[in-house]
Structures are given as C-alpha cells and as structure tokens.
Amino acid sequence: MLDIKLIREKPDFVRQRLATRGRGDEARIADIAVLDEQRRKLISEGDNLKAERNTVSKQIGALKSKGEDASVQMAAMKQVGERITALDAEVATLDAKLQDILLMIPNLPHEGVAVGKEAADNPEVKHWGDAPKFAFQPKAHWDIGEQLGILDFARAAKISGSGFILYKGAGARLERALINFLLDLHTSEHGYTEVFPPFLINRNAMIGTGQLPKFEEDMYRLRDEEMYLAPTAEVPVANIHRDEILREEQLPIYYCAYTPCFRREAGAAGKQTRGMIRVHQFDKVEMIKFVKPENSYEELEKMLANAEHVLQLLGLHYRVVLLCTGEVGFASAKTYDIEVWAPGQNAYLEVSSCSNCEDFQARRANIRFKGSDGKNRFVHILNGSGTALARLYVALLETYQQADGTVKIPEPLVPYMGGLREIRPA
RNA sequence: GGAGGGGUGGCUGAGUGGUCUAAAGCGGCGGUUUGCUAAACCGCUGUACGGGAUUAAAGCCUGUACCGAGGGUUCGAAUCCCUCCCCCUCCGCCA
C-alpha cells in the first residue's frame, strides 16, 4: 500500500511513477485526494463534537453526584451523540472507499528501473555459463520423464486434473533431494533461518502481502472457510511479523522456507500447458528478508547472489534480467528474474524472482521497527525464490540428459539421492 | 465438536457505569549522589489519526481514538448486552 501522506503531498510524483507501469492506476490518485480531503474534514468535525461530549458528560457526572439535575445537558448531549454517530458512519464509508482504492494500487517502481511495457523490454543484466551442446537432438522433459518412468502427467490428471505432477521413484526422490539441498544451502551457507509455515492462509495475511484483494481469481480458496492455499511461501513467512514492532538490533531477519505453491493460473489456459513449466501446484524454497530501509537494495543484491548460487552449484546456464516497469509485480519496486536455460524447450525459464517490496507490504501488514531515535518506521521486505522447483527440475532433466536417455545427477545432489549418480529407465 | 475460565500498556497485574486523564510493580530512558560499579532517591514512559503556530523538518501546543475484533445500550463503557477470533482447563474425536 502506498503512503497516503505521499499521495497527499506529492500527487504528481506518484502519478508519474504509476504511469510507468502502463496500467492506468494513476487515474485513481485524483479520487484518493478527494476522499482523503472529505475524510479529514469529517474527522475534524467529529473530533470537536466528541471533545464537547466528553467535557459535558463529566459535568453531568459531577452534577449527579451532588444530587443536582442534569436533564438539560443530557438532552443536549443526546443530540450531539446522534450527530457523532452520523459523522462516524460517513467517515467509515469514506475509509472503506479509500481502502478499496489504496489496496488495489500497485507499488511505485524504483526510479532505476527501465521504463518498458513487456518482457522484451527487460534488460539482461548478466548471464552465467553457456548453453550445453548436444550431439543429438535434446528431448523435452515430458519425454525424458515419461521414458524414465519418473514423471506421470496422465495419472496426475486422473487424480487432480491438468497442470499437476505425479513424481515416481527416483523422480520423487529428486524432488525431495532438491528441497533438502536448497534448504541446507540457504541455512548453512547464506545465513537464513529455516521456517516451516502453515500452507492455509487467512484473508488478512493474503492482503498483507498484496495477493488480495486484487488477485482473488488467481488463488485457490476453501469452500467452507475464508482460507486460501498458499501461492508462495512469501505470504505466510512475510506475515510472521504482522502487527509487530521489531527491535532495530533484530534486523536484518533472514528466513527461508519450503512450501508447495498453489496457483489457479486463471486465464493462462492454452499458453504452454504441456509438461511442468506452468502448473497449479509446484514446490518452492523461498527467501524472505526484513531489513532496514537504508540497506534494502544492498540486501536485494545479496539475495540475488544467493539464488544464483543455486544454479551455479548445479551447473545450469542462466541469465538475469531486471524487470521493466511494465513487468514488475504488484507489490515490488524492483525485481530481478533469473531464467535458467532449458535445452529441450530451446528457451529460458523463469526459476527465481527476487524483489524488493520496500515498505509496500510492511505498511499493509503493519510491520515496523523502533529505530535508535525511538521512532517507529516500516521495515523493507524482500522476497526471492531460491528457487522454484518444477522449472529447475525441467532444466536439470533437459541439461543433463544423455544420448541413451539417462539423466546424470549433478555432483551436489548425489548425497541427497542416496549416492545415485544417474537416473535410468525403471 | 461440547462445557467452563480467560484476553488490560514492553512485561506482570489491579480495575464491575462518572477525576480511568488506566493503580501498583518490573523493565527502559534521563537526572541527583558516587573514585568506579551497584544501591538509593527524583522525573519521564505506548500507538494511530486530526487541528494549530512555524519557511520547512524536528520539537512544541491541542484534540480524538485505541483495554482481543466488530456491533449495541447510555449524557457517559475497560466495566453492561450481542456476534466473532484467539489462549487455557476438562470432555469427545483423531494422526
């Protein structure tokens, strides 16, 4: 959520930054200004009446305790009370309207982010390694996986529908190996504290990180309760400190967490639905940081390096792009995407997204810290995939496939695979 | 799921309709004393949103709201009523 004071004081700046996203959000700024103005006027009027009522009510108490008559004052205050009730109701209505708009307005892109419209406008910031060369035509992961008997999309569809994955044998082991490898890496080498959060999330938490109210249709929701399936560990983990005031010396806080991620992918039908590149349930290890505002961009670079380290250890070719203003996510001010090379697709696949949301989520979730000056300030919250597993799995199968159809296991995963060095047909 | 008991400031905890402007203690901050430390003593103490003076910020002056959340009763609610959430105890169920 944007700071209403910023909108009040620098509306043109806010409008200009929002306009770079190209979604027309800046059009709502004028509405906000009007509602804010009305709201403050009514609050002021109501507060004055409340002050009067408080004073007179005390006088009534004093009169009554002396046994004197206070019926004139009581009648007058009844009138005042009715006016207060009416004003409070108007303020509540305005508040609700203001919140409705504010909760739907995205974060301001950082000023260093390139203005652009679509993925093609995302500048590439770096790349690592080279695309592997094959002496044969590299296969797609769905063929490799089915021939090895480790992936079964047809049976997953029988259980759930399209967009779900059934891993089997060494394939299931590989998924579990990756989860453990990633958690071990981030906890023992990158300084993150492992957390294991709930996967069912209440509405307030979903609002806190920005999934709701705007992206309701992308979320899976329970029928009988207002609970949502976690779309990413960012939601439960960033909400750990909701409504808290942290001590300055606690910061920065680094958490990492494994969760499955559930996404309806509404409107995505027809777009690359084969295999496991876009699915309704995938595993992910996520990194989340709570940091002081003055450090947040350094922390973003460190987080990006932590995510890159995963791909480097696994020997996978990748590139890093900086999302342009039109592509930056709703809550984020600046986002790096890491795209891993998938030879069977002849394409880069997004496996990590590292974002600095600055105080956008902290304001929604009310997460502050008390500075050395005694002032409470909102923390900056960062999140980054470290990494998404389904697409990482794709890159592993397609990169390490051999001419005979087997798949080699990269060295760091071998201990997690119980010593297995390659996956052969079952 | 059922019955009962709870939820008050950073923490403990008093408060059953009117100086509650929330007692007291602990902690924290500042000060006095002191060779230093400790103790003792004195003072201060939360959050949010408005209004005012000010070039602006800080600070200041002033008001309102906040005792789990939301409604209600009343001139006046931490206190009474209703709904919901969470915690504790016991019962039931269950991995």
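Chain letters run A, B, ... following the sequence lines, proteins first, then strands; residues in each count from 1.
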Atom-to-atom span, [atom1] of [X] to [atom2] of [N] - whole angstrom:
X	N	atom1	atom2	result
A:I60	B:A77	CD1	C1'	15 Å
A:L42	B:U64	CG	P	18 Å
A:K50	B:A77	NZ	P	11 Å

Using atom [atom1] of each nucleotide, how far apart are [N] and [M] to the nearest Å?
N	M	atom1	value
B:G18	B:C80	C1'	15 Å
B:A69	B:A77	P	16 Å
B:G15	B:C87	P	26 Å
B:U83	B:G25	C1'	36 Å

Using a cut-off of 4.0 Å on non-hydrogen atoms, how would the nucleic acid contact of [X] be classed: base, sugar-phosphate, or nothing?
X	result
A:M74	base
A:K375	sugar-phosphate
A:R247	nothing
A:R8	sugar-phosphate
A:N48	nothing
A:K66	nothing

To the side chain of [X], which of [options] is closest?
X	options	answer
A:R39	B:U64, B:U21, B:G50	B:G50
A:S44	B:C75, B:G63, B:G50	B:G50
A:M77	B:C75, B:G50, B:U47	B:C75

Of A:R40 and A:N54, whose nearest nucleotide on RNA chain B comes first from the 5' end? A:R40
A:T232, A:T335, A:D337 screened by side-chain hydrogen bond (donor to acceptor under 3.5 Å, both in side chains) with A:S353, the one that passes: A:D337
Do other residues, nucleotides or ligands put more than 12 heavy atoms under 6.0 Å from the NZ atom of A:K168? yes
More than 12 heavy atoms from other groups under 6.0 Å of CZ on A:R221: yes
Under 3.5 Å on both distances, the Watson-Crick or G-U partner of B:C60: B:G52
Step-by-step ring pair (Phe, Tyr, Trp, His ring centres under 6.0 Å) determination, A:Y393 to A:F282: CA-CA 11 Å; A:Y393 203 110; A:F282 61 94; over 10 Å; no
